[in-house]
Amino acid sequence: MSKPSIVKGTRDFGPQQMVRRNYIFGTIRSVYEKFGFQPIETPAMENLSTLMGKYGEEGDQLLFKILNSGNFSEKIGQSDVEEGYKKLTTKISEKGLKYDLTVPFARYVVMNRSDLAMPFKRYQIQPVWRGDRPQKGRYREFYQCDADVVGTDSLVCEAEIVLMIHEVMNAFGINFSLKINNRKILTGLSEAIGAVGQEGTLAVAIDKLDKIGKEKVLEELAEKGFSEDSLSKLDPIFGIAGTNQENFLKLEELFENSETGKQGIDELKQVWNYLSAFGLSEENIELDITLARGLSYYTGAIFEVKALGVQIGSITGGGRYDNLTGAFGAPGLSGVGISFGVDRIYDVMEELNIFPDNQSVTTKLLFCHFGKEELNYALPLLQMARLAGLNSEVYPDVSKIKKQLDYADRKQIPYVCIIGSEEMKSGKLTFKNMSSGEQEKLDFEEILSKLR
RNA sequence: CAGGAUGUAGCUCAGUCGGUUAGAGCGCUGGUUUGUGGUGCCGGAGGUCGUGGGUUCGAGCCCCAUCUUCCUGCCCA
């Protein structure tokens with residue numbers, strides 16, 4: 001008796017939504033393919049050993065774990081229960097829903113590397129699951145559209161990713177800001193201010209710069225144990241707000257004594273060089289040294305795209321990870337990739353009202369009829385229409401013509417063919433245009449040629 | 001996980017100070033020439049007011065708990 005409901009943070013998609021979602025998927029897919037990426041898929045679930053420890057502690061907590069089948073309680077005793085849920089979890093669950101597409105991809109690469117042409121460029125469009133608390137633009141099941149290249153550390157890949165982002169966003173008509181940073185710059189920063197190994201804390205704090213301001217950031221860092229000296233050295237970076245070129249210069253000064261930092265700068269400059277070779281103007285690309293991103297596996301470039309004019313999280317993100325496959329026993333494979341968040345792109349386009357009009361998947365021609373005989377008469381014609389490649393259907397029940405036309409109307413079927421005793425006798429069918437209301441008597445051949 | 005809102009018909013929402021039989025619009029359904037939809041007119045169905053307790057002569061309204069959804073933070077796509 002209870003009303004049906006749907007799992008928190010998940011959604012159903014109706015026909016109209018699916019048309020739009022497929023449009024988004026299709027656009028992204030065609031751009032990926034244009035850049036030489038090939039599709040793969042991986043299972044919805046992975047072994048927990050594959051997933052755990054790849055996303056940081058917080059990520060581990062957001063993993064959906066799958067209870068072992070059968071009698072999962074067989075092997076646990078009172079002592080296991082007392083040890084707490086974390087240890088217990090490992091005894092009753094060994095699989096989980098995938099949290100992103102990158103880690104399963106890394107697993108795939110390691111398992112198949114002898115068959116892959118390196119560098120391997122793959123794209124992957126699949127749902128992922130996170131046990132997050134839902135809010136605007138955040139769902140527990142959502143699609144990612146990933147494209148990654150592994151087996152090369154060429155910065156051409158980074159540049160091509162930037163190109164693909166532009167192409168996709170322009171196709172959708174979304175105004176966006178694209179921010180780029182490099183993990184090595186963050187590391188260099190911590191070295192430059194004499195807080196080696198603290199780049200994580202540092203990144204988290206300066207990430208909040210535009211939200212809480214310089215004073216609060218310094219306060220937070222002081223609390224976390226950064227010395228006065230370090231903080232004073234940090235000061236110049238707060239002044240960074242010029243053009244990308246100016247910022248590069250400032251950073252180079254700061255990184256006099258940091259090899260890693262210099263390397264980060266060099267990498268980014270190289271990306272910029274490639275982009276200009278591709279002829280991309282750099283209005284939409286911004287160096288943002290406060291960009292940190294939480295996923296712990298990034299080691300080089302970091303990307304983040306936000307839609308302008310809509311209050312929602314990032315709609316695309318990515319970066320380079322030098323050693324992801326190392327966790328699966330194949331060190332030395334560098335990879336870089338991005339992920340478009342379809343669900344957020346959908347929300348953005350919905351909010352900005354920029355979906356193309358008149359997109360629908362529907363029947364072109366409906367056969368309406370007055371009875372059993374007429375229905376039978378319609379079937380061969382229906383088959384002919386379909387052979388001609390026309391989306392067409394017959395109203396399957398014998399019922400009032402009013403109801404049948406109403407059905408056509410609701411489904412926005414543009415043309416109907418009405419068959420009654422008169423039509424069967426003469427062979428001239430009533431062909432009606434639903435939007436204009438006009439109708440005429442035509443041979444079926446004539447109808448087909450009209451619709452073609 | 002923290003803070004703030006929310007829940008009344010299929011949907012969007014009214015519902016006064018706690019007071020009789022809980023309303024509207026849209027949608028649905030039937031009729032309005034038994035061969036014509038999308039605009040008109042007439043009728044009809046549909047609600048355990050999120051759930052569970054409590055206060056009261058009396059609760060949609062007040063109190064407590066719980067769940068849902070949404071928003072903000074953190075984090076992310």
Side-chain angles (χ1 to χ4, degrees), chain A residues 1-11 14 24 28 55-62 98-102 125-146 165 176 203-205 207-208 211-212 220 291-296 298 302-307 310-319 337-348 366 368-371 374 395 398-424 429-439 441:
Chain A
M1 263 304 280
S2 64
K3 283 187 185 175
S5 62
I6 187 168
V7 171
K8 185 200 285 204
T10 67
R11 292 128 328 134
I24 295 173
I28 293 171
Y55 309 106
E57 197 169 327
E58 229 171 297
D60 284 354
Q61 286 185 345
L62 297 179
K98 66 180 165 213
Y99 179 93
D100 72 354
L101 302 179
T102 310
I125 298 178
Q126 289 192 268
V128 300
W129 294 267
R130 295 182 189 179
D132 235 341
R133 189 158 168 181
Q135 52 188 267
K136 189 178 184 186
R138 168 173 298 176
Y139 307 101
R140 289 182 146 187
E141 178 185 65
F142 61 97
Y143 270 74
Q144 291 194 324
C145 303
D146 276 31
I165 290 171
F176 64 100
V204 169
D207 186 42
K208 299 176 189 159
K211 280 179 200 151
I212 63 178
E220 183 174 328
L291 177 63
R293 296 188 58 81
L295 293 177
S296 46
Y298 291 125
I302 310 170
F303 307 99
E304 187 169 276
V305 179
K306 288 195 173 181
V310 181
Q311 198 65 41
I312 201 165
S314 60
I315 54 177
T316 293
I338 42 162
S339 179
F340 288 97
V342 172
D343 304 82
R344 283 184 180 176
I345 290 173
Y346 184 100
D347 290 346
V348 165
L366 173 71
C368 298
H369 53 84
F370 287 96
E374 289 90 341
Y395 197 85
V398 172
S399 61
K400 288 183 184 168
I401 208 72
K402 180 174 179 159
K403 200 168 178 184
Q404 301 182 37
L405 286 173
D406 191 52
Y407 172 78
D409 192 48
R410 295 197 48 174
K411 211 168 159 181
Q412 294 184 52
I413 297 172
Y415 301 101
V416 298
C417 201
I418 302 173
I419 300 173
S421 50
E422 265 176 55
E423 284 84 353
M424 289 197 333
L429 309 181
T430 301
F431 179 62
K432 184 181 175 81
N433 179 324
M434 290 297 286
S435 57
S436 69
E438 288 166 11
Q439 59 187 55
K441 300 244 175 175

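Throughout, a chain's letter reflects where its sequence line sits, starting with A, and its residues are numbered from 1.
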[N] [atom2] sits how many Å from [X] [atom1], rounded?
X: A/F370; N: B/G37; atom1: CZ; atom2: C1'; result: 13 Å
X: A/I419; N: B/G35; atom1: CD1; atom2: P; result: 16 Å
X: A/L405; N: B/G35; atom1: CG; atom2: P; result: 13 Å
X: A/F303; N: B/A77; atom1: CZ; atom2: P; result: 13 Å
X: A/N433; N: B/G37; atom1: CG; atom2: P; result: 16 Å
X: A/D409; N: B/G37; atom1: CG; atom2: C1'; result: 5 Å
X: A/R138; N: B/C74; atom1: CZ; atom2: P; result: 10 Å
X: A/I302; N: B/C75; atom1: CD1; atom2: C1'; result: 15 Å

Give me the atom names and distance for the closest heavy-atom approach of [X] to [Y].
X: A/E374; Y: A/I419; result: CG-O, 3.4 Å
X: A/E304; Y: A/S314; result: CG-CB, 3.5 Å
X: A/F176; Y: A/I165; result: CE1-CG2, 4.1 Å
X: A/R140; Y: A/D132; result: NE-O, 2.7 Å
X: A/D100; Y: A/R130; result: CB-NH2, 3.8 Å

If the [atom1] atom of [N] is compared with that of [M], how far apart are they to the nearest Å?
N: B/C61; M: B/A22; atom1: P; answer: 15 Å
N: B/U6; M: B/U16; atom1: P; answer: 15 Å
N: B/G10; M: B/G53; atom1: C1'; answer: 30 Å
N: B/C63; M: B/C26; atom1: P; answer: 35 Å
N: B/C67; M: B/U29; atom1: C1'; answer: 34 Å
N: B/G40; M: B/A59; atom1: P; answer: 42 Å
N: B/G30; M: B/U72; atom1: C1'; answer: 49 Å
N: B/G15; M: B/G23; atom1: P; answer: 15 Å

Protein N or O to nucleotides 68-72 of chain B N or O, pairs below 3.5 Å:
{"residue": "B/C71", "atom": "OP1", "partner": "A/K136", "partner atom": "N", "Å": "3.4"}
{"residue": "B/C71", "atom": "OP2", "partner": "A/K136", "partner atom": "N", "Å": "2.5"}
{"residue": "B/U72", "atom": "O4", "partner": "A/Q135", "partner atom": "NE2", "Å": "3.4"}

With under 30° as parallel and over 60° as perpendicular, where do the rings of A/Y99 and A/Y55 fit, or are they tilted in between? tilted
Give [X] one of three labels, base, sugar-phosphate or nothing, depending on what nucleic acid heavy atoms sit under 4.0 Å from its own.
X: A/E423; result: base
X: A/Q404; result: nothing
X: A/S421; result: base
X: A/I345; result: nothing

Please check if atom NZ in A/K441 has more than 12 non-hydrogen atoms from other residues, nucleotides or ligands closer than 6.0 Å. yes
Within a radius of less than 6.0 Å around NZ of A/K136, do more than 12 heavy atoms belonging to other residues, nucleotides or ligands occur?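 Yes, the 6.0 Å shell around NZ holds more than 12 heavy atoms from other groups.
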If you apply the rule side-chain contact (heavy atoms from CB on, under 4.5 Å), what do you find for A/D343 with A/Y143, and how did you get there? CA-CA 7 Å; A/D343 304 82; A/Y143 270 74; 3.9 Å; yes
Step-by-step side-chain contact (heavy atoms from CB on, under 4.5 Å) determination, A/I413 to A/Y407: CA-CA 8 Å; A/I413 297 172; A/Y407 172 78; 4.3 Å; yes
The residue, A/E422 or A/D132, whose nearest nucleotide of RNA chain B is more 5′ is A/E422
RNA chain B base-pair string [pairs: Watson-Crick or G-U under 3.5 Å; |: paired with another strand]: (((((.(..((((.....[...)))).(((((.......))))).....(((((..]....)))))).)))))....
Side-chain-base donor-acceptor pair under 3.5 Å for A/R130 and B/A77: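 Such a pair exists between side chain and base.
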From the options B/A77, B/C28, B/U36, select the nucleotide whose nearest atom is closest to the side chain of A/R410. B/C28
Apply side-chain contact (heavy atoms from CB on, under 4.5 Å) to the pair A/Y395 and A/K403, showing each step before the final yes or no. CA-CA 10 Å; A/Y395 197 85; A/K403 200 168 178 184; 4.0 Å; yes
Show the numbers, then the answer: is there a side-chain contact (heavy atoms from CB on, under 4.5 Å) between A/V416 and A/Q404? CA-CA 10 Å; A/V416 298; A/Q404 301 182 37; over 6 Å; no
Do any N or O atoms of the protein come closer than 3.5 Å to N or O atoms of nucleotides 30-34 of chain B, and which pairs are they?
{"residue": "B/G31", "atom": "OP1", "partner": "A/K400", "partner atom": "NZ", "Å": "2.6"}
{"residue": "B/U32", "atom": "O4", "partner": "A/K402", "partner atom": "NZ", "Å": "2.7"}

For A/G137, is there any backbone N or O sitting under 3.5 Å from a side-chain donor or acceptor partner on A/R344? yes
Evaluate whether the aromatic ring of A/Y407 and the six-membered ring of the B/G37 base sit under 5.5 Å apart, centre to centre, with an inclination under 30°.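 Base of B/G37: not stacked against A/Y407.
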